[in-house]
Amino acid sequence: MNDVTDAVGATGTGGEPGTSGADGAGDARSPRGGRGLGSRAPGFIKASRTLHLSWQAGVFVVGLAVVVAGVVMLPLPGPGWLVIFGGMAIWATEFVWAQLVLRWTRRKVTEAAQRALDPEVRRRNIVLTVVGLVIIAVLVGVYVLKFGIEMPWKIDQ
């Protein structure tokens, strides 16, 4: 099954995501045998529809605040992307769409890490880094030969 059919299978028979079983655990499982898709709210919260909707609204607001803080951190100093993914993880405790986004992101990051560890790619990256450093060293050497080493500020004053 793919992620879309996992999400459809987790919604059950027209109920809330992940509430297809009697205990609300859902039948859909992640490919690695982890938890299924859907709400991870405690059972006493799922028992009352009003309480569960309030819970989901609270989770959404908290996740939104964390994601907005991460977006603000992107141009400013701070771990912007890490905070954004933290907000997505908060949303993923209740919403199937966030669980699917995190699953897709985890898969892509793993693929990129495996590609980066490929010996040919590593060799190419090392060669490019060395070439770049040599070019920078040559440019700095030409600058020093032409203008000399002189500080842009006056220490004597």
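Other residues, nucleotides and ligands contribute more than 12 heavy atoms inside 6.0 Å of the CH2 atom of Trp97.
Atoms CE and CD1, on Met88 and Ile90 in that order, are 11.0 Å from each other to the nearest 0.5 Å. Taking CZ of Phe95 as the reference point, atom CG of Leu102 lies at 13.0 Å (rounded to 0.5 Å). Between atom CD of residue Gln114 and atom CG of residue Asp118 there is a gap of 10.0 Å, rounded to the nearest 0.5 Å. Of the inter-residue distances, the one linking Lys108 atom NZ with Arg103 atom CZ reads 14.5 Å to the nearest 0.5 angstrom. Taken to the nearest 0.5 Å, the OG1 atom of Thr93 stands 9.0 Å off from the CD atom of Gln56. In this structure, the separation between CD on Glu94 and CH2 on Trp55 is 7.0 Å, given to the nearest 0.5 Å.
A continuous path of ILVMFWY side-chain contacts below 4.5 Å connects Val62 to Leu51, so both sit in one hydrophobic cluster. Under the 4.5 Å side-chain heavy-atom criterion for ILVMFWY residues, a single connected hydrophobic cluster contains both Val83 and Val68. A continuous path of hydrophobic side-chain contacts links Val127 to Ile135 [ILVMFWY only; heavy atoms under 4.5 Å]. No single ILVMFWY cluster, assembled from side-chain heavy atoms under 4.5 Å apart, contains both Leu76 and Leu82. There is no path of hydrophobic side-chain contacts, each under 4.5 Å, that joins Leu128 to Ile136.
For the pair Leu74/Ile84, a side-chain contact is recorded, criterion being any heavy-atom separation below 4.5 Å from C-beta on.
Taking the charged nitrogens against the carboxylate oxygens, Glu120 and Arg123 have no contact shorter than 4.0 Å, which rules out a salt bridge.
Checked against side-chain hydrogen bond (donor to acceptor under 3.5 Å, both in side chains), Trp91 has no partners two or more places apart in sequence or in another chain.
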